[in-house]
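Everything below concerns the one structure shown next.
Numbers here are sequence positions counted from 1.
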Amino acid sequence: MPPNLTGYYRFVSQENMDSYLRALDINVVLRKLVCLLKPDKEIIHTGDHMVIRTITSLRDYVMDFDLGVQFEEDLGPVDGRKCQTTVSWEGDQLVCEQLGEKRNRGWRHWLEGDHLHLRMTAEDEVCVQVFQKVK
């Protein structure tokens, strides 16, 4: 049975965000701004339904979805694109596939103790963020 990811997580660290954003064609000014942000995550996980809020001082981004069901995701706040998104479990990892203009786009979340890990991919770039569970 997959883990329940419900909780509030505070930003700890990130690696390679600028290159990941460059792969998404984000302009240099916005890349620099995003790299300074320290987002928090709030996850509500109820059965096969999840809400993942990424919370920043600039803007929040909310994903509200049913596991295993493809939906159109509006990534306008991120890079102006829409994609066909499916989120499902692969073992103990929550895996998101975002089909659209960018190859190999998606992410995966997993827990190691009280740390939530996020690995985001786009094209050949990988960004990793780590968050500490606080409640």
Side-chain angles (χ1 to χ4, degrees):
M1 177 168 212
N4 188 312
L5 300 179
T6 295
Y8 194 91
Y9 302 86
R10 290 229 188 274
F11 177 85
V12 173
S13 66
Q14 72 185 9
E15 296 175 15
N16 205 38
M17 179 61 84
D18 187 68
S19 294
Y20 168 76
L21 294 171
R22 192 175 313 116
L24 293 174
D25 302 321
I26 305 297
N27 72 63
V28 66
V29 173
L30 188 53
R31 285 198 323 263
K32 298 302 176 196
L33 178 62
V34 169
C35 287
L36 293 174
L37 296 174
K38 294 179 173 27
D40 287 349
K41 292 274 185 185
E42 180 181 39
I43 300 176
I44 301 167
H45 179 182
T46 310
D48 285 339
H49 186 79
M50 295 187 85
V51 178
I52 301 175
R53 287 183 59 221
T54 303
I55 304 158
T56 72
S57 57
L58 180 64
R59 170 184 306 168
D60 294 354
Y61 181 72
V62 179
M63 280 187 76
D64 188 332
F65 57 91
D66 291 316
L67 292 164
V69 178
Q70 188 176 72
F71 63 97
E72 182 176 81
E73 184 178 9
D74 183 354
L75 291 161
V78 179
D79 66 353
R81 295 183 173 90
K82 291 185 180 182
C83 59
Q84 294 302 309
T85 298
T86 306
V87 182
S88 56
W89 290 104
E90 285 184 12
D92 288 345
Q93 294 190 6
L94 187 64
V95 178
C96 174
E97 181 179 30
Q98 298 167 313
L99 301 174
E101 295 175 33
K102 291 294 179 176
R103 178 181 56 77
N104 191 36
R105 185 168 186 176
W107 52 259
R108 52 180 66 227
H109 274 301
W110 69 94
L111 288 172
E112 290 181 9
D114 59 356
H115 285 86
L116 177 72
H117 295 258
L118 170 60
R119 180 181 188 271
M120 299 177 286
T121 59
E123 300 291 330
D124 295 322
E125 295 300 333
V126 177
C127 174
V128 177
Q129 292 181 322
V130 179
F131 303 85
Q132 170 81 45
K133 187 170 187 176
V134 293
K135 59 181 174 175

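Contact of the Y8 side chain with the I55 side chain is registered, since non-hydrogen atoms from C-beta on lie closer than 4.5 Å. Side-chain contact between V134 and D40: absent, with no pair of heavy atoms (C-beta onward) separated by less than 4.5 Å. For the pair D48/W89, no side-chain contact is recorded, criterion being any heavy-atom separation below 4.5 Å from C-beta on. Looking at E123 and N104, their side chains never come closer than 4.5 Å, going by heavy atoms from C-beta outward. When side chains are defined from C-beta on, I52 counts as touching W107, because their heavy atoms get closer than 4.5 Å.
Taken to the nearest 0.5 Å, the CG atom of L94 stands 5.0 Å off from the CE atom of M50. To the nearest 0.5 Å, the span separating CG on L67 from NE2 on H45 amounts to 5.5 Å. Of the inter-residue distances, the one linking R10 atom CZ with L116 atom CG reads 14.0 Å to the nearest 0.5 angstrom. Rounded to the nearest 0.5 angstrom, C83 SG and E97 CD are separated by 10.0 Å. The SG atom of C35 sits 6.0 Å away from the CD atom of Q14 when rounded to the nearest 0.5 Å. Rounding to the nearest 0.5 Å places CZ of R105 at 7.5 Å from CD of E73.
A search for side chain to side chain donor-acceptor pair (under 3.5 Å) contacts involving Q93 returns R108, not counting sequence neighbours. Among residues two or more places apart in sequence or in another chain, the side chain to side chain donor-acceptor pair (under 3.5 Å) test is passed with T6 by N4. Every salt bridge (Lys or Arg N to Asp or Glu O under 4.0 Å) that R53 has, sequence neighbours left out, goes to E42, D60. Looking at residues two or more places apart in sequence or on another chain, you find a ring pair (Phe, Tyr, Trp, His ring centres under 6.0 Å) between H117 and W110.
Ring planes of F65 and F71: parallel class, angle under 30° (limits at 30 and 60°).
By the neighbour-count criterion of 12 heavy atoms within 6.0 Å, atom CD of Q70 is densely surrounded, having more than that number from other residues, nucleotides or ligands.
T54 pairs with exactly one of Q129, K41, R59 by the side chain to side chain contact (heavy atoms under 4.5 Å, CB included) rule, that one being K41.
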Cut-off 3.5 Å, no hydrogens considered: what does the side-chain donor-acceptor table look like for residues 18-34, sequence neighbours left out?
unit_1	atom_1	unit_2	atom_2	d
D18	OD1	R31	NE	3.0
D18	OD2	R22	NH2	2.5
S19	OG	N16	OD1	3.2
D25	OD2	R81	NH2	2.9
D25	OD2	K102	NZ	2.8
N27	OD1	V29	N	3.0
N27	OD1	L30	N	2.9
R31	NH1	I26	O	2.9

### Query
Should L111 and L5 be marked as a side-chain contact (heavy atoms from CB on, under 4.5 Å) after you check the CA-CA gap, both sets of side-chain angles, and the distance that decides it?
CA-CA 8 Å; L111 288 172; L5 300 179; 3.6 Å; yes

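In this structure, V69 stands alone, with no Ile, Leu, Val, Met, Phe, Trp or Tyr side-chain heavy atom under 4.5 Å from its own, directly or through other members.
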